[in-house]
Novice: 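What follows is a single structure, and I will ask about it in a moment.
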Amino acid sequence: MKCYLFNEKIKTFSGATVILGKEINFKDYLSDDKQIEYVKSQFDKGKDIAEINLYYAQLYFINFEDKDNLISNKKEKIRVAGSKSASVFNADKTESVTIVDANSDFDLLYLFTEGMLLGNYKFALYYKDREKKEHSLKTLKIYSSLPDESKLKELENIVDAVFIARDYANEPFSNLNALQFSERLKDLANKTGMSFKVLSKKEIEEEQMGGLLAVNKGSAFPPTFNILEYKHENAVNEKPYVLVGKGIVFDSGGYSIKPTKNSMDIMKLDMAGAAAAAGIMYAVAENKLPVNLIALIPATDNAVDAKSYVPGDIIKMHNGLFVEVLNTDAEGRLILADALSYAEKYNPELVVDLATLTGAAAYCIGTQAAVVTGTADDKMFEMLEKSGENVYERVVRFPFWDEYKEMLKSNTADIKNIGGSEAGAVTAGKFLEYFTDYPWIHVDIAGPAILNKKNAYRTEGGSGYGVRLLYDFFKNMIQEKENGK
Ligand code: BES
Ligand code: MG
Ligand code: ZN
């Protein structure tokens with residue numbers, strides 16, 4: 001959807017128009033007392049939106065009564081209202097909508113627009129009659145007497161980044177194997193001026209990334225190890241921040257084939273972590289945030305084949321550790337582990353991995369939040385929690401006590417790739433810890449990144465979870481550092 005911002009008072013109304021405010025003076029928009037009464041009565045009845053059809057326009061009044069400071073759940077209500085109205089307009093086949101910032105409240109306008117834009121996503125590549133299936137809403141004209149052009153531009157870039165993450169995630173394996181994914185990442189990097197490098201299978205072998213190679217053994221396609229790099233000349237961090245994204249383009253479980261009925265149906269989305277990492281890179285680069293940021297994306301599918309790795313196999317990892325594979329469905333941690341130990345060469349200030357890693361994380365807290373653990377300072381976790389509240393991509397910190405390491409002991413190798421039946425999200429994190437020697441945050445997005453139905457502006461399938469979270473986090477990091485100077 002294209003946004004146009006006008007710093008003027010709207011003179012004549014035509015078409016679908018949203019009058020948005022916290023204390024709207026209805027008289028400014030309606031001349032007839034009966035109409036005003038009607039609108040007020042709608043709000044009295046508890047409706048969020050009061051609609052009036054004039055012969056020249058349809059006016060939608062949205063009146064947020066609360067005058068308090070915008071705390072996270074109030075902010076979220078406004079986004080949700082924005083996404084609801086997008087649904088209404090799309091159902092009506094409306095193509096263009098005007099929004100009027102009735103009380104010169106740009107924060108309110110921003111949140112409403114955010115929800116509207118995010119909710120307007122549709123993955124509609126695979127319909128013969130694509131045009132008809134796509135959302136009708138294409139244009140947004142915003143009238144505000146206090147417009148912030150650069151904030152709106154920033155928002156549009158963030159929304160594009162979320163859509164990129166959703167698009168990648170939703171693309172089926174038949175169109176997005178590790179090579180095709182790598183091509184898409186290369187195109188993305190070229191578009192934004194980031195640098196891009198991909199390690200071929202031969203180079204991955206030379207790097208002795210035993211985890212990535214083992215998971216890839218049964219695949220019809222070679223693995224890729226993708227490196228995206230963004231460097232700002234006035235970066236606040238000398239040592240880079242590194243993102244690591246799980247890029248399993250399809251997860252069958254391998255020989256330990258997925259035991260739960262229909263659970264394989266969503267496993268084209270098992271690269272949602274990689275998709276989010278790419279989206280974060282895009283948002284940061286397009287908005288030219290002053291940071292050094294790198295994304296490492298190991299990619300392969302996890303297939304069943306005569307050549308596949310099997311339970312009992314012992315793998316030598318990139319960092320030299322030997323891992324006994326007791327479940328080939330615990331594949332994400334194997335490819336992430338190699339990427340995490342590869343990250344050491346950048347001497348990173350902080351590494352954040354994003355992965356649809358465990359069903360356990362999703363069972364524990366559902367789609368509302370990601371599970372986070374790791375070795376970074378408490379301050380880093382607090383900042384991430386704050387960002388989570390701010391953008392409503394919330395995180396819940398799980399324990400990371402060393403006792404959990406016991407569960408990864410193997411009889412024949414350094415460690416095994418599964419813990420036990422308990423605390424699966426934590427033991428997966430503990431496994432990864434063996435491959436890190438820097439401050440690190442692990443974000444298990446198995447719950448919130450994959451949705452089986454639309455939830456307000458979080459669309460079905462890939463939700464793009466993680467993009468807005470980490471973008472906000474890096475913005476806060478920059479703020480902190482600049483304040484500290
Ligand atoms: N990709 C799955 C985790 C997953 C499950 C993501 C559901 C999204 C929704 C991962 O590779 C996996 O299979 N994990 C196993 C680990 C187990 C074998 C230790 C799991 O969670 O069952
Ligand atoms: Mg698996
Ligand atoms: Zn997986």
Side-chain angles (χ1 to χ4, degrees), residues 1 3-13 15-54 57-89 94 96-120 137 140-156 158-159 386 389-392 456-457 468 472:
M1 186 152 45
C3 296
Y4 301 91
L5 192 56
F6 301 95
N7 179 14
E8 57 195 74
K9 244 197 153 71
I10 189 163
K11 286 176 204 87
T12 48
F13 297 103
T17 306
V18 175
I19 318 285
L20 184 68
K22 280 193 197 153
E23 35 195 284
I24 302 172
N25 185 4
F26 300 114
K27 282 203 180 102
D28 291 348
Y29 307 94
L30 299 166
S31 49
D32 184 334
D33 282 350
K34 277 201 181 128
Q35 290 173 339
I36 295 175
E37 220 139 274
Y38 170 75
V39 169
K40 282 185 177 160
S41 75
Q42 296 296 297
F43 289 124
D44 288 344
K45 274 188 205 157
K47 286 203 174 170
D48 304 328
I49 304 179
E51 182 184 346
I52 283 252
N53 274 304
L54 307 173
Q58 307 95 50
L59 301 187
Y60 298 82
F61 289 92
I62 303 183
N63 201 19
F64 290 93
E65 283 188 350
D66 211 325
K67 290 176 210 107
D68 291 344
N69 282 339
L70 291 170
I71 58 164
S72 74
N73 54 346
K74 284 184 191 149
K75 287 167 64 172
E76 180 64 1
K77 267 193 191 159
I78 300 164
R79 292 188 195 99
V80 171
S83 97
K84 257 193 205 165
S85 71
S87 304
V88 170
F89 295 130
T94 305
S96 171
V97 169
T98 300
I99 303 183
V100 181
D101 180 8
N103 305 123
S104 301
D105 186 340
F106 197 81
D107 288 341
L108 177 68
L109 181 71
Y110 180 97
L111 292 164
F112 188 84
T113 307
E114 183 179 23
M116 209 168 171
L117 295 177
L118 287 169
N120 199 38
L137 197 52
L140 205 55
K141 294 178 194 153
I142 301 170
Y143 287 79
S144 172
S145 60
L146 272 180
D148 191 334
E149 190 92 45
S150 67
K151 272 219 91 173
L152 185 68
K153 187 70 218 153
E154 180 183 28
L155 173 64
E156 287 187 271
I158 296 168
V159 171
K386 202 174 132 212
E389 292 290 337
N390 194 29
V391 302
Y392 232 65
Y457 57 83
R468 290 163 58 244
D472 192 77

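The structure displayed is predicted, hence computed values, not measured ones. Hydrogens, waters and symmetry mates play no part in the numbers below; they use all other heavy atoms, side chains included.
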Novice: Not counting sequence neighbours, which residues clear side-chain hydrogen bond (donor to acceptor under 3.5 Å, both in side chains) with Asn7? List them please.
Specialist: none
Novice: Show the nearest heavy-atom pair for residues Gly119 and Ser83, with the distance to one decimal.
Specialist: CA-CB, 4.2 Å
Novice: If we only count heavy atoms from C-beta on, is the Asn390 to Lys75 side-chain gap below 4.5 Å?
Specialist: yes
Novice: Check whether any side-chain heavy atom of Cys3 sits under 4.5 Å from a side-chain heavy atom of Leu155, and report yes or no.
Specialist: no
Novice: Checking Tyr110 now: which residues fulfil ring-ring contact (aromatic ring centres under 6.0 Å, His included) with it, not counting sequence neighbours?
Specialist: none
Novice: What pairs with Asp28 under side-chain contact (heavy atoms from CB on, under 4.5 Å), at least two apart in sequence or on another chain?
Specialist: Asn25
Novice: Below 30° counts as parallel, above 60° as perpendicular, anything between as tilted: where do the rings of Phe6 and Tyr143 land?
Specialist: parallel
Novice: State, to 0.1 Å, how close Ile78 and Leu111 come at their nearest heavy-atom pair, and which atoms those are.
Specialist: CG2-CB, 3.7 Å
Novice: Looking at residues at least two apart in the chain, or sitting in another chain, which of them share a side-chain hydrogen bond (donor to acceptor under 3.5 Å, both in side chains) with Glu154?
Specialist: Tyr471, Lys475
Novice: Compile the donor-acceptor pairs under 3.5 Å between side chains in residues 96-104 and protein atoms, sequence neighbours left out, one pair per line.
Specialist:
from, atom 1, to, atom 2, distance (Å)
Asp101, OD1, Ser104, N, 3.4
Asp101, OD1, Asp105, N, 2.8
Asp101, OD2, Asp105, N, 3.2
Asp101, OD2, Ser144, OG, 2.9
Asn103, OD1, Lys22, N, 2.7
Asn103, OD1, Glu23, N, 3.0
Asn103, ND2, Glu23, O, 3.2
Ser104, OG, Ser145, OG, 2.4

Novice: Got a sec, which residues hit side-chain hydrogen bond (donor to acceptor under 3.5 Å, both in side chains) with Asn63, two or more places apart in sequence or on another chain?
Specialist: none
Novice: Which residues pass the ring-ring contact (aromatic ring centres under 6.0 Å, His included) test with Phe106, not counting sequence neighbours?
Specialist: none
Novice: What pair of heavy atoms forms the shortest contact from Gly15 to Ala57, and how long is it?
Specialist: O-CB, 3.5 Å
Novice: Applying side-chain hydrogen bond (donor to acceptor under 3.5 Å, both in side chains), can you list everything that pairs with Tyr392, at least two apart in sequence or on another chain?
Specialist: Arg394
Novice: What's the shortest heavy-atom distance between Met116 and Met1, and which atoms?
Specialist: O-CE, 4.1 Å
Novice: Donor-acceptor pairs under 3.5 Å, side chain of residues 35-51 to any protein atom, not counting sequence neighbours: which ones?
Specialist:
from, atom 1, to, atom 2, distance (Å)
Ser41, OG, Tyr38, O, 2.6
Gln42, OE1, Lys47, NZ, 3.2
Asp48, OD2, Lys84, NZ, 3.0
Glu51, OE2, Asn53, ND2, 3.4

Novice: With sequence neighbours excluded, what pairs up with Tyr457 under the ring-ring contact (aromatic ring centres under 6.0 Å, His included) test?
Specialist: none
Novice: Side-chain contact test, heavy atoms from C-beta onward, threshold under 4.5 Å: evaluate it for Leu54 versus Phe13 and give yes or no.
Specialist: no
Novice: Does Glu149 have any side-chain contact (heavy atoms from CB on, under 4.5 Å) partners at least two apart in sequence or in another chain, and if so, which?
Specialist: Leu5
Novice: Quick one: ring-ring contact (aromatic ring centres under 6.0 Å, His included) partners of Phe112, sequence neighbours excluded?
Specialist: none
